[in-house]
There are 2 protein chains.
Amino acid sequence: MTSAESADFRRRQHAEPSPALAAAEGLLLGGSSSLAACCDDDASFFPSVEPSCTQDLSRVILHVDLDCFYAQVEELLDPKLKGQPLAVTQKYLCVTSNYEARALGVGKLMSIVEAKRKAPGLVLRCGEDLTRYREFSAKAEKVLRGFGTVERLGMDEFYVDCSRLVSNRTEGEAYFHGNVLEPGAELRADTAYRPQDLRGTKAGAEETTLVGEGASDVERRLAAGTAIAADARRVLRDAHGLRASCGIAVNKLLAKLIGGVHKPDDQTVLLPARSADFIARLPVRVIKGVGAKTESRLRAIGCETCLELRMRTEREIARAVGDSAEMAAFLHACAWGIDNSPVVPKGPPKVVSVEDSFKGIALEKGVPLPPAILGRLSSHLVTRVDSDSAEHKRRPRTLTLTVRTREERSKRRFSSPYPSQAGGCIAVEEAALDLLRKAVGRSAAEVTLINIAASNFERGAPLAASGFEPRRRRTAPPSPFKSARRDQEACKRPRAEIGVIDEEVLRAMPLEIQEEYSRAFTLPAAPKKPTSSARGRGKSATGTITSFFASK
Amino acid sequence: MTSAESADFRRRQHAEPSPALAAAEGLLLGGSSSLAACCDDDASFFPSVEPSCTQDLSRVILHVDLDCFYAQVEELLDPKLKGQPLAVTQKYLCVTSNYEARALGVGKLMSIVEAKRKAPGLVLRCGEDLTRYREFSAKAEKVLRGFGTVERLGMDEFYVDCSRLVSNRTEGEAYFHGNVLEPGAELRADTAYRPQDLRGTKAGAEETTLVGEGASDVERRLAAGTAIAADARRVLRDAHGLRASCGIAVNKLLAKLIGGVHKPDDQTVLLPARSADFIARLPVRVIKGVGAKTESRLRAIGCETCLELRMRTEREIARAVGDSAEMAAFLHACAWGIDNSPVVPKGPPKVVSVEDSFKGIALEKGVPLPPAILGRLSSHLVTRVDSDSAEHKRRPRTLTLTVRTREERSKRRFSSPYPSQAGGCIAVEEAALDLLRKAVGRSAAEVTLINIAASNFERGAPLAASGFEPRRRRTAPPSPFKSARRDQEACKRPRAEIGVIDEEVLRAMPLEIQEEYSRAFTLPAAPKKPTSSARGRGKSATGTITSFFASK
DNA sequence: TGGGGTCCT
DNA sequence: AGGACCC
DNA sequence: TGGGGTCCT
DNA sequence: AGGACCC
Ligand SMILES: Nc1ccn([C@H]2C[C@H](O)[C@@H](COP(=O)(O)OP(=O)(O)OP(=O)(O)O)O2)c(=O)n1
Ligand SMILES: Nc1ccn([C@H]2C[C@H](O)[C@@H](COP(=O)(O)OP(=O)(O)OP(=O)(O)O)O2)c(=O)n1
Ligand SMILES: Nc1ccn([C@H]2C[C@H](O)[C@@H](COP(=O)(O)OP(=O)(O)OP(=O)(O)O)O2)c(=O)n1
Ligand SMILES: Nc1ccn([C@H]2C[C@H](O)[C@@H](COP(=O)(O)OP(=O)(O)OP(=O)(O)O)O2)c(=O)n1
Ligand SMILES: [Mg+2]
Ligand SMILES: [Mg+2]
Ligand SMILES: [Mg+2]
Ligand SMILES: [Mg+2]
Ligand SMILES: [Mg+2]
Ligand SMILES: [Mg+2]
Ligand SMILES: [Mg+2]
Ligand SMILES: [Mg+2]
């Protein structure tokens with residue numbers, strides 16, 4: 001893993017169980033030989049290496065994942081959509097779909113063409129502007145803060161440490177709410193794209209399960225956690241109409257994994273006695289922080305599942321992933337279901353960025369760079385930074401531009417100080433243009449993506465309301481700068497096409513899909529589909545993006 | 001400058017003068033044509049480009065620089081040294097010298113051999129252990145905090161924003177305390193090693209200067225600043241015996257530069273009317289943030305002095321330094337003496353590191369790595385991290401090892417998670433050894449420096465008193481790890497040789513110097529001076545470092 | 001050419 | 001992980 | 001294969 | 001500045 005995800009990971013180990021609770025009998029699991037022996041029945045014995053640290057059983061952690069998040073928000077914004085199969089699109093891609101669509105085979109991150117083949121009646125909604133999703137995400141987070149400390153992961157996932165609330169609920173819960181993972185439950189990994197996604201193969205059934213007389217203290221606390229999860233989900237729904245699925249367990253690793261077993265609009269608890277069994281057969285990839293690279297390195301030493309990982313020593317694992325003993329200890333502990341990392345509130349975002357992608361813009365020396373794209377992105381970024389500044393009393397110190405080219409598969413980044421003058425989007429655009437020149441100066445390549453980002457925020461220094469004021473000249477004489485400037489009007493059209501599907505993308509689509517979009521939005525007449533080589537050189541298409549080259 | 005130093009620089013511009021004071025008459029300077037015309041008399045006219053931002057004249061900034069800092073501390077620790085010419089050494093180098101030694105030509109960063117040639121009676125003190133200097137530095141900072149907001153720069157420099165104290169001293173100062181920069185004062189750059197150092201050519205003379213009747217408000221505030229500076233220096237001396245020199249001006253740039261004009265144990269104020277004149281003839285290198293690279297880039301467009309920099313537009317400067325408009329604006333403003341960056345307290349250190357250097361250790365595959373060096377460094381680092389942890393309630397997340405090799409002039413760095421277990425210096429040493437293997441694995445080179453650093457601190461997570469407890473085993477069976485381990489005693493010898501000159505270094509010295517050291521410390525008998533090639537292979541010397549190879 | 005540090009990329 | 005810069 | 005983010009190196 | 005990883 002080379003230590004990506006290790007911010008999280010670093011907090012996992014070595015946080016000893018909180019002393020008071022750890023002292024109580026039965027609270028320490030992991031490292032006991034019972035665990036090492038009980039976890040399978042089709043392999044009678046395997047020389048597992050016991051975990052080097054113990055599980056903290058004193059916490060109750062919720063993992064809340066909003067159901068088909070973007071699609072759900074679109075339904076809330078336009079209730080007519082409800083009941084129909086719906087996919088949210090970004091350029092050529094269905095990024096998610098509602099559960100009606102999923103029943104028809106429309107998966108997440110599926111191409112529009114494939115989705116339409118599977119479900120001809122599929123309704124498409126463009127979701128390239130994330131504003132509304134960010135708003136609903138913020139509402140959800142505020143709700144969850146009422147139940148404990150919250151750590152967000154992406155826009156639709158939240159870990160909630162509700163241990164204190166559990167301790168305060170002195171009248172013990174009589175029931176587990178929602179599903180309780182049964183032994184031997186069948187699980188499957190989701191798709192090739194999201195191998196870390198986990199799903200159960202049976203629909204959730206049980207509403208409540210009695211807490212047995214012999215239940216341990218930890219189990220009773222988890223039962224209280226299931227009641228809290230039910231409460232939290234109810235508030236999300238009643239206050240904002242948001243449906244969520246929830247996992248309840250003693251740590252973040254397990255809570256996230258178990259929550260995926262019953263979805264949508266459901267919840268599942270994992271009891272410690274089932275933890276090691278539960279995680280044993282899962283692919284190592286389900287561990288947060290284990291991605292494609294680490295997976296393949298572990299495969300090289302024969303570890304595809306957590307069970308196999310357990311059979312290796314930390315040294316062997318360290319050698320395989322080429323990393324430190326700390327990393328190896330983390331992986332080995334995870335393979336046992338052990339994760340002592342705390343729930344850490346992340347505070348305001350560390351990066352605010354906007355991006356756009358396209359089929360390819362040929363940037364050559366001497367050819368003017370496309371001002372409208374940077375103009376639109378800069379305008380959008382400045383809008384976001386301004387509201388961030390108002391909310392958090394801070395300003396970014398760094399502007400970063402990232403480009404992806406057709407030729408190279410990796411991205412190039414360049415950064416510079418964020419324009420601090422009251423220059424607004426014009427100053428940002430000029431700085432971004434300098435960065436773009438640097439980026440493409442090296443190799444005249446076809447740019448397929450541009451991202452601009454504000455980061456490295458300094459506190460207590462709100463931007464002087466930048467708005468769209470013209471940049472104050474630093475030098476007295478008329479500027480010798482002859483960049484590809486257009487009038488300032490461009491900056492007054494923030495997010496011009498956002499919410500509307502890109503013309504170029506549309507033209508590359510099958511005709512039926514084009515027609516469907518055309519019914520919803522008025523668009524210029526579509527010429528013949530340009531070949532990619534002709535399009536790249538800016539010589540044929542009259543579309544939004546390539547037109548910048550025709551214009552000079 | 002590629003934006004190094006720009007954390008500072010970013011705060012310089014665009015901080016508009018504080019509204020209340022800026023509104024008062026006479027407070028805004030810079031950008032006025034009088035400034036652009038008044039600054040020279042041997043060049044009757046030059047087409048200066050006016051600065052694009054205005055000087056904030058509302059502040060009073062002190063720059064305090066402790067005199068011959070390490071040497072001064074050594075004198076305080078051992079008063080017998082006082083009155084004699086003294087140099088503080090690190091390996092082959094005199095890192096600083098007291099003013100008695102400087103009068104004999106012993107400069108800062110001069111080789112011991114050269115220093116001894118210049119001053120045969122020079123007393124040498126090894127200053128490789130910085131502990132005591134850190135302690136006195138902390139005392140000084142605490143004193144200065146009584147006079148305003150403090151920003152530290154290295155161990156012996158402090159910016160103090162005493163604007164508030166000035167405003168509170170309602171009874172106007174009748175005198176400027178210390179020196180007031182006279183028009184036409186001759187200045188010279190210090191040495192080739194420290195081109196940014198500035199010195200006056202005449203000793204300070206005046207004790208006080210009457211504040212004239214026609215003095216402006218800003219000048220009266222600066223006069224108050226000189227009184228505060230005198231107070232601060234008096235407290236430093238009375239409480240801790242520390243002598244300092246101080247510059248007083250309206251910004252950090254000017255305060256630092258003017259403070260160097262009269263040293264030691266003195267102070268100088270720069271009035272705004274003299275600012276542009278003062279800085280005009282100085283080499284661009286004096287600007288903090290302009291180092292060797294930026295200097296040579298600016299020289300390429302004909303800018304060696306600030307005066308020449310002023311004649312360029314920001315665009316021209318930006319092109320030359322290959323950087324953003326923000327950088328260029330910063331440089332151009334500095335060339336006019338304008339610097340609106342605030343004094344920013346930096347908080348606890350972001351990195352804690354220890355290092356050692358040597359003439360060359362050949363690391364080859366199969367040859368055991370030198371445990372004693374890493375052992376000693378790890379022990380020292382852990383001691384420092386432990387006390388940091390106690391003081392700041394935090395712990396490092398990252399361990400970094402840096403090596404310099406004889407072959408390549410640049411350094412290589414590798415990092416990994418900081419061992420978080422209560423493994424103490426043993427765990428740190430193991431992790432460092434892994435990093436060292438990575439570093440030298442690439443090319444079997446002669447290592448001439450090793451640095452290990454703790455960084456990326458997380459708050460609220462003190463290390464469980466690591467001390468020297470043996471590392472708790474993570475894996476049950478005896479460890480298959482066969483690193484070059486020695487007993488734990490090594491860890492009980494923190495900083496074994498610190499404060500004592502290195503044996504190897506000593507042997508490379510002229511005999512008289514060797515004898516001088518030998519008189520102070522007991523050392524093993526010195527064999528013939530080894531040739532550098534023989535020494536590098538670990539085949540000849542029996543010294544501290546190469547002996548690790550002989551031993552296996 | 002010591003033995004530290006800061007921040008940017 | 002490397003670089004430029006600072007004391 | 002979108003349009004975002006986190007942290008490490 | 002690039003990379004691995006996450007939604
Ligand atoms: N590679 C990805 C993964 C996710 N998302 C967005 C779209 C999703 O709506 C949202 C949440 O991601 P999930 O994986 O939780 O997917 P959903 O919430 O859409 O579906 P589910 O009901 O399976 O959670 O994040 C994205 O844009 N790109
Ligand atoms: N800041 C901008 C400017 C333009 N465009 C896109 C939208 C236009 O459809 C297309 C063509 O550029 P034009 O400048 O010709 O666009 P208009 O004709 O709509 O605007 P104007 O009349 O101001 O030139 O570029 C954009 O996305 N963002
Ligand atoms: N390249 C450097 C520069 C400085 N120092 C240390 C030794 C100095 O004593 C201390 C302070 O640096 P100064 O440049 O302020 O030098 P001095 O304080 O020694 O002398 P001066 O009286 O000129 O300030 O930092 C160092 O180790 N290496
Ligand atoms: N952690 C260590 C161990 C040793 N050394 C140095 C000091 C010794 O002078 C030299 C030789 O190594 P030895 O192990 O032979 O040192 P000693 O003989 O002093 O210690 P011991 O008797 O424990 O081996 O290495 C060191 O700097 N740091
Ligand atoms: Mg999700
Ligand atoms: Mg979801
Ligand atoms: Mg994973
Ligand atoms: Mg100094
Ligand atoms: Mg000094
Ligand atoms: Mg400089
Ligand atoms: Mg670094
Ligand atoms: Mg980055």
Side-chain angles (χ1 to χ4, degrees), chain A residues 1-8 10 65 69 88-95 109-112 127-130 133-134 152-157 193-194 196 288-294 346 349-357 397-398 400 410-417 449 451 453 456, chain B residues 1-8 10 65 69 88-95 109-112 127-130 133-134 152-157 193-194 196 288-294 346 349-357 397-398 400 410-417 449 451 453 456:
Chain A
M1 79 165 21
T2 79
S3 177
E5 283 310 304
S6 52
D8 202 51
R10 281 201 184 91
D65 187 318
F69 182 50
V88 175
T89 66
Q90 285 169 340
K91 301 295 188 313
Y92 304 91
L93 211 64
C94 291
V95 59
L109 304 178
M110 180 179 277
S111 88
I112 293 179
E128 288 165 20
D129 182 358
L130 308 187
Y133 313 140
R134 275 193 202 96
R152 65 154 59 226
L153 181 61
M155 265 195 261
D156 90 322
E157 293 185 25
Y193 285 119
R194 303 284 309 273
Q196 67 272 43
K288 183 168 165 281
V290 175
K293 296 269 178 183
T294 307
K346 293 298 190 205
K350 294 170 179 61
V351 179
V352 171
S353 81
V354 298
E355 71 187 48
D356 201 1
S357 63
R397 278 190 277 248
T398 304
T400 302
S410 65
K411 295 172 179 181
R412 293 168 180 221
R413 291 205 273 252
F414 292 88
S415 61
S416 69
L449 176 141
N451 176 294
N456 194 11
Chain B
M1 83 167 18
T2 79
S3 175
E5 285 309 303
S6 52
D8 202 50
R10 281 203 183 92
D65 187 317
F69 181 50
V88 175
T89 65
Q90 285 170 339
K91 302 295 186 313
Y92 304 90
L93 211 64
C94 292
V95 58
L109 304 180
M110 181 179 275
S111 88
I112 293 180
E128 289 165 19
D129 181 359
L130 308 186
Y133 313 139
R134 273 190 205 97
R152 66 154 59 225
L153 181 59
M155 264 195 259
D156 89 322
E157 294 185 26
Y193 285 122
R194 304 280 312 271
Q196 66 272 40
K288 183 168 165 280
V290 175
K293 295 270 177 184
T294 306
K346 295 297 191 207
K350 293 170 179 63
V351 178
V352 170
S353 80
V354 299
E355 70 186 47
D356 200 1
S357 63
R397 278 190 278 247
T398 304
T400 302
S410 65
K411 295 172 179 181
R412 294 168 179 221
R413 291 207 273 251
F414 292 88
S415 61
S416 68
L449 176 143
N451 176 295
N456 193 12

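Just so it is clear, the structure is predicted and the values come from calculations on it, not from any experiment. Convention: sequence-line order gives letters A, B, ...; per-chain numbering from 1.
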* Heavy atoms only: give me the nearest B:Lys346-B:Arg152 pair and the separation to one decimal. => CG-O, 4.5 Å
* Phosphate contact (C:dG3 OP1 or OP2) by B:Lys91 side-chain N/O below 4.0 Å -> yes
* Among E:dG2, C:dG3, E:dT6, which nucleotide sits nearest the side chain of B:Glu128? -> C:dG3
* **Polar pair under 3.5 Å, donor/acceptor by atom type, side chain A:Arg134, base E:dG5** => no
* Same-atom distance (C1') from E:dC8 to D:dG2, integer angstrom -> 14 Å
* Closest nucleotide of DNA chain E for A:Ser353 versus for A:Val95: which of these residues is on the 5' side? -> A:Val95
* Asked: Tell me: CG of A:Asp129 to P of E:dG2, nearest whole Å?
  -> 17 Å
* **Closest nucleotide among D:dG2, E:dT6, D:dC7 to the A:Lys350 side chain** => E:dT6
* Between C:dC8 atom P and A:Asn456 atom CG, what is the distance in whole Å? -> 5 Å
* Asked: Taking a pair as Watson-Crick (N1 to N3 plus N6-O4 or O6-N4) or G-U wobble (N1-O2 and O6-N3), both under 3.5 Å, which stems of 3 or more consecutive pairs involve DNA chain C?
  -> C:3-9 with D:1-7
* **Minimal non-hydrogen separation, B:Ser353 against B:Asn451, with atom names** => OG-ND2, 3.3 Å
* **side chain to side chain contact (heavy atoms under 4.5 Å, CB included) evaluation trace for A:Leu93 with A:Ile112** => CA-CA 5 Å; A:Leu93 211 64; A:Ile112 293 179; 5.7 Å; no
* Asked: Counting only N and O atoms by type, is there a donor-acceptor contact under 3.5 Å from the side chain of A:Gln90 to the main-chain atoms of A:Gly127?
  -> yes
* Which of the following nucleotides, E:dG2, C:dT6, E:dC7, is nearest to the side chain of A:Tyr92? -> E:dG2
* Asked: From the list D:dC7, C:dG4, C:dT6, which nucleotide is the closest neighbour of the side chain of B:Glu355?
  -> C:dG4
* Set of residues satisfying side chain to side chain donor-acceptor pair (under 3.5 Å) with respect to B:Thr400, sequence neighbours excluded -> none
* Asked: With sugar-phosphate meaning primed atoms plus P, OP1 and OP2, does B:Ser111 contact a base, only sugar-phosphate, or nothing at under 4.0 Å between heavy atoms?
  -> nothing
* If you look at every heavy atom in B:Val351 and B:Ala453, which pair is closest and at what distance? -> CG1-CB, 3.8 Å
* Heavy atoms, side chains only, cut-off 4.5 Å: are A:Thr89 and A:Val95 in contact? -> no
* Where the side chain of A:Leu93 is defined as all heavy atoms beyond and including C-beta, which of D:dA4, E:dG2, C:dG2 is the nearest nucleotide? -> E:dG2
* Structure fact -> Comparing nearest nucleotides in DNA chain E, the 5'-proximal residue of the pair A:Leu449, A:Val351 is A:Leu449
* Quick one: A:Arg413 CZ to D:dG3 P, roughly how many Å, whole number? -> 18 Å
* Give one of base, sugar-phosphate or nothing for B:Ser410, where a contact means two heavy atoms less than 4.0 Å apart. => sugar-phosphate
* Looking at A:Thr398, does any N or O in its side chain come under 4.0 Å of the phosphate oxygens OP1/OP2 on C:dC8? -> no
* Just how far, in rounded Å, is C1' of D:dC7 from CG of B:Leu130? -> 11 Å
* Measure from CZ on A:Arg152 to C1' on F:dC7 and round the result to the nearest Å. => 11 Å
* Taking the side chain of A:Lys288 as its heavy atoms from C-beta onward, which of D:dC6, F:dC6, E:dG2 lies nearest to it? -> F:dC6
* **Residue A:Ser357, side-chain atoms from C-beta onward, closest of C:dG3, D:dG2, E:dG2** => E:dG2
* Asked: Would you say C:dC8 has OP1 or OP2 under 4.0 Å from some side-chain N or O of A:Ser415?
  -> no
* Asked: What integer distance in Å separates B:Leu109:CG from C:dG4:P?
  -> 15 Å
* Just checking A:Val88: base, sugar-phosphate only, or nothing, at a heavy-atom cut-off of under 4.0 Å? -> nothing
* Structure fact -> All heavy atoms of A:Phe69 vs all of A:Tyr133, minimum pair found to be CZ-O, 3.4 Å
* Structure fact -> When rounded to whole Å, the CG to C1' distance for the pair A:Leu153 and E:dG4 reads 13 Å
* What is the distance from NZ of B:Lys293 to C1' of C:dC7, rounded to the nearest Å? -> 17 Å
* **Which atom of A:Met155 lies closest to which atom of A:Arg134, heavy atoms considered** => SD-N, 3.8 Å
